[in-house]
Structure formats: C-alpha cells, structure tokens
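These notes concern the structure reproduced below.
Values below: every heavy atom of this structure, side chains too, minus hydrogens, waters and symmetry copies. Reminder, nothing fancy here: chain letters follow the sequence lines and each chain counts from 1.
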Amino acid sequence: ESRAFGQDATVAGFDWGSYLEKSGYLAAPLSCFRHAPLCAQWEDIYVGLKVEVLNTHTALPSKVYWIATVVRLAGYKALLRYEGFEDDDSCDLWCNLGTADVHPIGWCAVNSKLLVPPQEVHQKIKDWKSYLMERLVGAHTLPVDFHVKMADSMRCPFRQGVRLEVVDRSQVSRTRYAVVDTIIGGRLRLLYEDGGLGASGEVLSDFWCHMWSSLVHPVGWSERVGHTIKETDKNVNMSSHPAFRKVLQDSVPNQFKKLRTVYMGDTFFEEGMKLEAIDPLNLGNICVASVRKVLLDGYIMVGIDGVEIGDGSDWFCYHASSHAILPVGYCQNNNIILTLPPGYVQESFTWPKYLEEMGAVAAPRRLFNTDAVGHGFTAGMKIEAVDLMEPRLVCVATVRRCVGRLLLLHFDGWEPEFDQWVDCQSPEIYPVGWCEITGYQLQPPIGPE
Amino acid sequence: AADATGRKWEQKQVQIKTLEGEFSVTMWASDDKK
C-alpha cells in the first residue's frame, strides 16, 4: 500500500527524538488520546522506570540486551539511559516503548537472553551485581504483559470485506456504500463500491478514516436518519479487487462509536437557524452557517452562508453533539476570526444585525456541545495528525491553539492556510510514535522548520 | 500497594542474567488486577 502514501518519514531521515530535542517542544502526553492503544495503562509509564532494551553498543555478534532507565517521555517514545552511565547522556537512545525490543526487567532471563553492559561502561564498574542490585531493588518496571496488552488494545472490529456507509468525498452532502480494504492501527481504507478500477487494477476512488470517525456509519444508517445516499452503480465492476472477492458482510451499529444521545424535543435545531460551523472543505475556517435540514437521531444538514451552490450538494451532515458546530458569537468570544459570507467585512459585521437582515434566529446556545473538557493539550505540543483534506496522510503536527474543546492544528513545514480545527477527542489525532507502533507511514515536516 | 498518585503496584521477584551470573531482585510492576 505504500504507493498510496506520500513521503515516508523514516526513509526521509525524520526522527522524533532529535526533532523534539532540536525544537525544544514537548509531545502531547498519551493520556490526551483516549482512542490510542494503551492510553488507560500509560499512567504506569513514567520517568524513572527500568526496562531491558537491545544493547546497540557492543561488539558481540549475537543480539544482547542491557538495563536502561526512562529519562524522558514523548508519546510512545522514551529517551533511555543505559545503567552505568549515571549523569552521562552520550549514549542515550530514543526507543518506542511499543516496539519489540523494549521489555520489562526479567524478560531476558525468562527468554534466555543475556544482559551485557555497553562497551563504554563495561570496565567502569567492578562489581556489576552489587551495582545493579542497588539500582534495581525497589525500582519500578513495565508490567509483564505490556506487549500483550498493547496487542489487545489494537484490536479492530472491522475486517476486509465489511460494507458500510461513508461520506462521498466527491459530493459531501451524501453518503455512499463502501467496503473495508485495509486496516492499519484502526484506520480504515475504504473503497467505494462503484469507485472503479483503472486499467492496471488500481483503485480510482478511496477514503481513509479512523474506525471511530463520525463520517462512517452502519449499513442502513442513511435511510434511517433521512440522509441522502448514492445508490451503487451496478455497471461498475470491482470484483477483481481483493476486498470485493470475499462474501461482503454488512456492518452493524455495535461496530461503530456510539454518539452522545441528544433529545430532539420541542427545542431542537430548526431549518433556517443560524450558527457558526467549521467549513468541511476548509477546516481552518469557522464560518457563518445555517441549518438547512433536520434529520433524525440528532443529525442536521448545515450550509455555509453565501457560498452555497443552491442545490444542497454542498451541505454537510453534523450530529448535534459535534464539536464542529458552534453557537453564534463563539468566535468573537474566543478571539477567533469568523469567516463571513462574501460582501461582509469584519469591521461592520455583527450577529444581531445579520440575523435581522436575514430574518433568521440564532440556534439556541444550549443545543451545542461546547462543554469544557480537561483535555491536557497545550499550544506548542507535537502530535501525529491526519490531514483531514487528504485523510490517508498522517503528518507531523503542532497544536497551535486550544479553544475549549477545539484544537487548531498546524502541519509542520506547511503554510498556516493549511491549519485545521479538530476536536480534542478526535480519533484522527495520535501521540508521537503512533505511526511507528502501528506501521502507518508518517509524513515528515516539509522543508526546514 | 498504591503510591502517592494512586497508581497500584505489586512486588515482583525478577531474575537478572548477566555474564557474571544470575541473581534475583524485588521490583515493582503495575498491579494487573487493578
């Protein structure tokens, strides 16, 4: 699948450890990412922990290990210092704690591997047994089943050949039937059922998203809530593609993330109500918008004021609990520049005047999910984030701003016009080192920082 | 046992096998039963 990606950070020589050290930035802690593997267990991982790790400073022909201490954490990555080096950082190494060559103390003895000190300190300590006893007794190490738990937490309820409904990237107001092709770290490569194959069998139309994305739904969802769905063009034959060769299986609701329940009583969104919304086609902009249609189960269709084509094909479906719809005045209250409809200027635009002019009312503030959540992100933190406009790409990114539950993400090396607003609980953002543990390709920063 | 942050730990006897020989030490690992 590598041809489907852009650049490969490893091949390009990108290394998170030296990148963080050079920039002086912090990585967002793992506890910020509830959907990330081992998030719940990561509170047991901290500076001072002892591990057994591959010894890369030895002339021995066989693979040997040595004991090291975690001296710094950055997402899944840890800066380790071999025992015996004390305050000397010359042989410190960045390791991904989720990868195979980092183990709990005791692993080597159980697996008949030898612990051998690095050449630099081998002769420095005369009595290694006493030295290690002093350093290890009463210290903490990884749980024995650390890697088993890691594997368990990466299980996915989907498999190749599962059918679902997903937003149509060529017309965002409708959904389309798609089939799961590839799964990497819970990210699904979806092939539209009538996406078509090129002359050499290549897929002409696909979509990537996390299995917990709000853009994917079980088969039958569109009909149930009243969303438009494109019927599959039966003339397009995909049967030569591996994902379509098996008996396809329809997905069911319990394979998807359950959204917060909303009550659509007398006081719900109504057609014509005004709000502020993240532009689905320009995710760095929060725009003046309108409710265009109310669906069932708490979903609404929203249009961006002043730029609509007029046939509804650019409306976008949001759940009432979505972070991407905001009450009028949200931008002003949070010092964000609101993107106005053409013909309006920042100096003279006010919501009361606009509402009067349009003969519209603002959607009631209580309908929005703007509850503050203690997410733990702060500006300047580094993460791995999906470019939602090109969702197959997971990129090196920085949290530029935190406003309530919204994060403004900057893709390192790219112009600010590519920045994107995301929810702090978005499943499309990951801790540093996530790509390495899942085998997903990471896009390195473009050009010098 | 729980530490000041509320983390629960259990004591483990672990083996260390070096070129100089094998010995055991008592360490703490997170409590699997928590």
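- Contacts of Leu142(A) with chain B are made by backbone atoms alone, with heavy-atom separations under 4.5 Å and no side-chain atom involved.
- Counting non-hydrogen atoms of neighbouring residues, nucleotides and ligands closer than 6.0 angstrom, the CD atom of Gln15(B) exceeds 12 such neighbours.
- Leu132(A) places a side-chain heavy atom less than 4.5 Å from the side chain of Phe23(B).
- Rounding to the nearest 0.5 Å places OG1 of Thr18(B) at 14.0 Å from OH of Tyr131(A).
- Here the closest non-hydrogen pair linking Ser24(B) and Met133(A) is O-SD, 3.9 Å.
- Nearest heavy-atom pair across Pro143(A) and Ala29(B) is CA-CB, 4.3 Å.
- For the set Val116(A), Leu115(A), Val64(A), the count of heavy-atom pairs under 4.5 angstrom toward chain B peaks at Leu115(A).
- Between atom CD of residue Glu52(A) and atom CD1 of residue Ile16(B) there is a gap of 5.5 Å, rounded to the nearest 0.5 Å.
- Relative orientation of the His140(A) and Trp9(B) rings is perpendicular, given thresholds of 30° and 60° on the angle between their planes.
- Summarising the geometry of Ser112(A) relative to Lys17(B), their closest heavy-atom pair is CA-NZ, 4.2 Å, with the distance given to 0.1 Å.
- Only the side chain of Glu20(B) comes within contact range of chain A, with at least one heavy atom under 4.5 Å from a heavy atom of that chain.
- Leu19(B) approaches Leu114(A) most closely through the heavy-atom pair CD2-CD2, 3.3 Å.
- No side-chain heavy atom of Lys12(B) sits less than 4.5 Å from a side-chain heavy atom of Thr141(A).
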